[in-house]
Amino acid sequence: MSTPITRSSGAIVTTGVATSTGPGVLAYAQASTAAAMNCYDGTSTAGVLLAQVPISGRQAFDPPVQFFTGLWVVPQS
């Protein structure tokens, strides 16, 4: 069993962050109370949009969403 990748509150800033490189799965995402969040397969917002989570929203993915290049997460502005 692998350890999930987590970021503490406020850890993802408006410029985005690569939370993982290479292939993997997205099983759960939670946005902050300040902004909605977009998750992309890739190394920037030019990648394939995997999920949009609304402000204060939480989303579990069953089955998990696969990404191939990497996982890029950025708050919506």
Side-chain angles (χ1 to χ4, degrees):
M1 185 156 120
S2 63
T3 303
I5 298 168
T6 60
R7 299 276 178 175
S8 64
S9 177
I12 297 173
V13 295
T14 57
T15 56
V17 64
T19 60
S20 180
T21 58
V25 294
L26 176 62
Y28 178 82
Q30 181 174 349
S32 76
T33 58
M37 180 175 70
N38 289 345
C39 303
Y40 297 89
D41 180 354
T43 56
S44 72
T45 57
V48 176
L49 182 63
L50 298 174
Q52 291 180 309
V53 182
I55 294 173
S56 299
R58 302 174 202 174
Q59 187 162 353
F61 303 97
D62 185 19
V65 176
Q66 270 190 302
F67 56 89
F68 299 96
T69 305
L71 181 61
W72 184 266
V73 179
V74 63
Q76 291 177 352
S77 54

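No experiment lies behind these values; they were computed from the predicted model shown. Along the sequence shown, residues carry numbers from 1. Computed from heavy atoms alone, side chains included, the values below leave out hydrogens, waters and symmetry copies.
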Partners of Val25 by side chain to side chain contact (heavy atoms under 4.5 Å, CB included), sequence neighbours excluded?
-> Pro64, Gln66
Specify the closest pair of heavy atoms between Ala35 and Pro75, including all atoms of both residues, with the distance to one decimal.
-> CB-CB, 3.9 Å
Can you name the side chain to side chain donor-acceptor pair (under 3.5 Å) partners of Gln52, sequence neighbours left out?
-> none
Mind checking what makes side chain to side chain contact (heavy atoms under 4.5 Å, CB included) contact with Val65, not counting sequence neighbours?
-> Leu26, Leu50, Phe61
Separation of Phe67 CZ from Thr21 OG1 (nearest 0.5 Å) = 9.0 Å
Ser56: side chain to side chain contact (heavy atoms under 4.5 Å, CB included) partners, not counting sequence neighbours = Thr33
Asn38: side chain to side chain donor-acceptor pair (under 3.5 Å) partners, not counting sequence neighbours = Tyr40, Gln76
